[in-house]
Amino acid sequence: MSATLAALIGVVAPQWSVTVFESAADVAGESSGPWNNAGTGHAALCELNYTPAGPDGRVDPSKAVTINEQFQVSRQFWSHLVRSGMTGSPKSFVTPVPHLSFITGEDGRAYMRARHEALAAQPLFAGLEYTEDAARLAEWLPLMMAGRDPGQQVAATRSAAGTDVNFGALTRLMLDDAAERGVPVHCNQRVQDVERDTDGRWIVTVRDTVTDERRTVRTRFVFVGAGGGALPLLQRAGIPEIAGFGGFPVSGRFLRTTSPELVSGHQAKVYGQAAVGAPPMSVPHLDLRLIDGDHSLMFGPYAGFSPKFLKAGSMFDLPLSVRPNNLGSMIGVARTEVALTRYLIRELMQSGADRHQTLAHFVPEAEERDWDMVTAGQRVQVIKRDPATGRGVLQFGTELVVGGDGTIAGLLGASPGASTAVSAMLGLLERCFPDRMPAWRPALQEAIPSYGHRLSEEPALLAQVRADTMQVLELNG
Ligand SMILES: Cc1cc2nc3c(=O)[nH]c(=O)nc-3n(C[C@H](O)[C@H](O)[C@H](O)COP(=O)(O)OP(=O)(O)OC[C@H]3O[C@@H](n4cnc5c(N)ncnc54)[C@H](O)[C@@H]3O)c2cc1C
């Protein structure tokens with residue numbers, strides 16, 4: 001998120017002085033690191049949680065359309081960076097990988113037909129294929145269909161427009177590019193405090209994690225792009241807008257295989273359906289990953305619990321984040337989110353054999369010995385006070401918190417995450433710098449031709465954007 005914002009500022013206000021502080025020894029070691037997330041370029045091509053069915057069985061495509069439009073914004077901005085000379089081949093961070101949704105059972109089939117009908121009518125989802133035919137599925141998904149009960153009812157959609165994204169590599173390229181433009185990127189520098197001075201500027205206290213030296217930096221604007229570390233820093237800034245917000249950390253674990261035989265049988269990302277009562281981020285998926293030139297498969301996520309807000313965080317992160325102003329929200333959520341609590345307990349109690357059983361729903365012939373468990377990043381789910389009821393609610397999306405009359409902002413939450421970082425940071429520019437937007441709009445529209453437009457309503461612009469980004473990002477295969 002911080003790298004994206006630095007890149008956007010490079011487009012609209014290249015004369016601004018920007019400094020990035022990173023607490024770790026290197027950038028992109030937390031959620032954006034390639035093994036810490038699933039690398040799905042979320043465009044709602046396969047994630048069933050973006051296409052809920054109503055009581056009449058009809059599927060509402062609106063959320064999927066919005067996510068897809070946001071991903072097109074990311075593609076355009078990445079293309080702009082590549083065209084403007086960001087070093088490295090686009091292949092090092094984005095690769096075409098078909099996205100499929102896969103479902104079993106008669107109810108599942110009925111839902112998938114309704115979903116396909118709703119999406120196929122949308123220009124953004126043109127080319128989405130549907131099948132209930134096991135032979136066709138065996139062509140699309142050899143690994144998943146081998147050894148499957150022939151009597152099982154199956155259905156799937158497939159989009160060739162899907163991608164696998166190495167968000168770690170992308171972060172690194174964007175920050176290298178920013179550094180070349182004169183943006184200092186300081187590693188091993190932990191932001192410890194953010195405090196407002198009497199003249200309205202912010203005093204940021206930074207500690208060198210190697211030498212323990214402290215220094216302060218005065219600035220007109222602060223973006224707290226600290227991932228899981230954003231909540232405590234926004235609390236320290238003391239802005240009233242953070243009152244009522246809390247965080248609930250859930251860690252993700254994945255089974256991973258690098259077996260060439262298994263990888264060659266699964267050249268896709270396949271999303272299934274979350275178990276009843278399970279939260280959206282628990283949707284099981286089997287992903288082809290392309291990281292630093294190596295191919296592997298990842299299956300998960302299996303949820304874990306740790307009170308840390310970052311992988312490299314502290315066991316006290318969660319308890320120390322509880323304040324009088326968010327205690328009510330936290331208790332409210334603990335009371336109402338019984339299904340989530342049950343889901344987490346169930347996940348934590350799972351044995352290796354249970355986990356293998358879950359994998360076997362996707363890969364019937366999976367052998368335990370081929371798969372290793374890897375621990376991915378921490379997701380700090382947002383807890384906030386519902387203004388209507390005053391009660392705490394758990395939210396699975398992201399939330400931009402803006403305070404100090406637009407002089408400080410921070411991003412909480414994790415979904416749809418890195419894929420829509422450009423839209424999230426454009427939202428930040430619009431909220432924090434509304435007076436400058438008229439002057440910035442032409443530069444933004446040059447970098448992101450669909451900026452200010454809805455691609456779902458402008459097929460000609462969509463066709464142009466699609467063709468252009470496909471060529472620049474080398475997504476033709
Ligand atoms: C299991 C899992 C799967 C996911 N799958 C996907 C996916 O398939 N597709 C997708 O688009 N998104 C996915 N996401 C979400 C995505 O990874 C995140 O939304 C995104 O990486 C967040 O980026 P960020 O810059 O906000 O945070 P991060 O990448 O976590 O970066 C925050 C940085 O701030 C640093 N920091 C923290 N505190 C301080 C401090 N006090 N001082 C200085 N530096 C600090 C950290 O060290 C870190 O480098 C997934 C997330 C998880 C956990």
Side-chain angles (χ1 to χ4, degrees), residues 1-6 19-44 46-47 67 70-71 74 94 97 99 162-168 170-172 174-175 185-194 204-209 222-234 236 249-254 269 271 280-283 285 287 289 298 300-304 308-314 317 374-381 396-398 400 410-425:
M1 294 291 169
S2 305
T4 301
L5 182 60
T19 305
V20 178
F21 295 105
E22 165 57 57
S23 55
D26 197 1
V27 299
E30 285 286 341
S31 289
S32 301
W35 293 115
N36 288 340
N37 61 69
T40 302
H42 285 305
C46 58
E47 310 84 337
I67 303 285
Q70 291 178 340
F71 191 63
S74 295
V94 61
V97 173
H99 281 193
T163 50
D164 181 64
V165 185
N166 180 338
F167 293 108
L170 176 62
T171 302
R172 210 173 288 282
M174 284 194 290
L175 287 176
V185 179
H186 299 289
C187 288
N188 288 317
Q189 305 275 308
R190 180 182 301 282
V191 175
Q192 282 205 304
D193 206 359
V194 187
V204 181
T205 307
V206 184
R207 181 174 66 84
D208 186 310
T209 57
V222 177
F223 172 54
V224 184
L231 175 68
L233 280 177
L234 289 166
R236 288 209 69 93
V250 178
S251 43
R253 289 181 300 162
F254 288 86
K269 282 176 174 277
Y271 277 59
M281 85 276 188
S282 66
V283 171
H285 46 100
D287 290 296
R289 301 300 315 273
M298 258 169 103
Y302 298 95
K308 293 180 181 181
F309 281 176
L310 293 163
K311 261 180 118 170
S314 143
D317 285 343
V374 291
T375 300
Q378 287 289 95
R379 278 182 206 261
V380 181
Q381 308 293 349
F396 294 101
T398 45
L400 183 69
L411 194 85
L412 305 176
S415 294
S419 302
T420 55
V422 182
S423 298
M425 293 300 101

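Read the numbers this way: they start at 1 and go in the same order the structure lists the ligands and their atoms. Side chains are part of it too, since the values below use all heavy atoms of this structure and drop only hydrogens, waters and symmetry mates.
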[atom1]/[X] to [atom2]/[Y] distance, rounded to the nearest 0.5 angstrom?
| X | Y | atom1 | atom2 | value |
| --- | --- | --- | --- | --- |
| Q189 | R207 | CD | CZ | 10.0 Å |
| L412 | L234 | CG | CG | 6.0 Å |
| M1 | T420 | CE | OG1 | 6.0 Å |
| H99 | C46 | NE2 | SG | 5.0 Å |
| F223 | T4 | CZ | OG1 | 8.5 Å |
| N37 | S32 | CG | OG | 7.0 Å |

Check whether the side chains of S251 and Q378 place a donor and an acceptor atom closer than 3.5 Å, and report yes or no. yes
State whether a side-chain donor-acceptor pair under 3.5 Å links E30 with N36. no
Atoms in ligand 1 with a heavy atom of [X] nearer than 4.0 Å:
| X | answer |
| --- | --- |
| G377 | 53 (C) |
| Q189 | 43 (C) |
| F167 | 9 (N), 10 (C), 11 (O) |
| N36 | 1 (C), 2 (C), 52 (C), 53 (C) |
| T40 | 7 (C), 8 (O), 9 (N), 10 (C), 11 (O) |
| F21 | 43 (C), 44 (N) |
| L233 | 41 (N) |
| R190 | 41 (N), 42 (N) |

Given the rule in the side chain to side chain contact (heavy atoms under 4.5 Å, CB included) test, do W35 and M298 qualify, once you have shown the distances and angles that lead to the verdict? CA-CA 9 Å; W35 293 115; M298 258 169 103; 3.9 Å; yes
Note the single closest protein heavy atom to [atom], along with its residue, its atom name and the distance in Å.
| atom | result |
| --- | --- |
| atom 11 (O) of ligand 1 | S419 OG, 2.6 Å |
| atom 42 (N) of ligand 1 | V191 N, 2.9 Å |
| atom 17 (O) of ligand 1 | S31 O, 3.1 Å |
| atom 15 (C) of ligand 1 | A414 O, 3.3 Å |
| atom 25 (O) of ligand 1 | M1 N, 3.0 Å |
| atom 7 (C) of ligand 1 | H42 NE2, 3.4 Å |
| atom 34 (O) of ligand 1 | A226 CA, 3.4 Å |
| atom 13 (C) of ligand 1 | N37 CB, 3.9 Å |

Is there a side-chain contact between [X] and [Y] (heavy atoms, below 4.5 Å)?
| X | Y | value |
| --- | --- | --- |
| C187 | V27 | yes |
| T205 | V191 | no |
| E47 | V283 | no |
| R289 | D164 | yes |

Out of [options], who is nearest to [atom] when you count heavy atoms only?
| atom | options | answer |
| --- | --- | --- |
| atom 16 (C) of ligand 1 | A418, P34, G228 | A418 |
| atom 22 (C) of ligand 1 | G413, S32, G227, A25 | S32 |
| atom 36 (N) of ligand 1 | S23, G225, S2, G168 | S23 |
| atom 19 (O) of ligand 1 | A38, G417, G41 | G417 |

Taking only non-hydrogen atoms of [X], do any sit less than 4.0 angstrom from ligand 1?
| X | value |
| --- | --- |
| L411 | no |
| Q192 | no |
| G39 | yes |

Within-cut-off N or O pair, [X] and ligand 1, under 3.5 Å:
| X | value |
| --- | --- |
| E30 | no |
| L310 | no |
| G252 | no |
| F254 | no |
| E22 | yes |

With a 4.0 Å cut-off on N to O distance, would you call R172 and D26 a salt bridge? yes
Determine, for D193 against R236, whether the closest basic-nitrogen to carboxylate-oxygen distance falls under 4.0 angstrom. yes
How are the rings of H42 and Y271 set relative to one another: parallel (under 30°), tilted (30 to 60°) or perpendicular (over 60°)? perpendicular
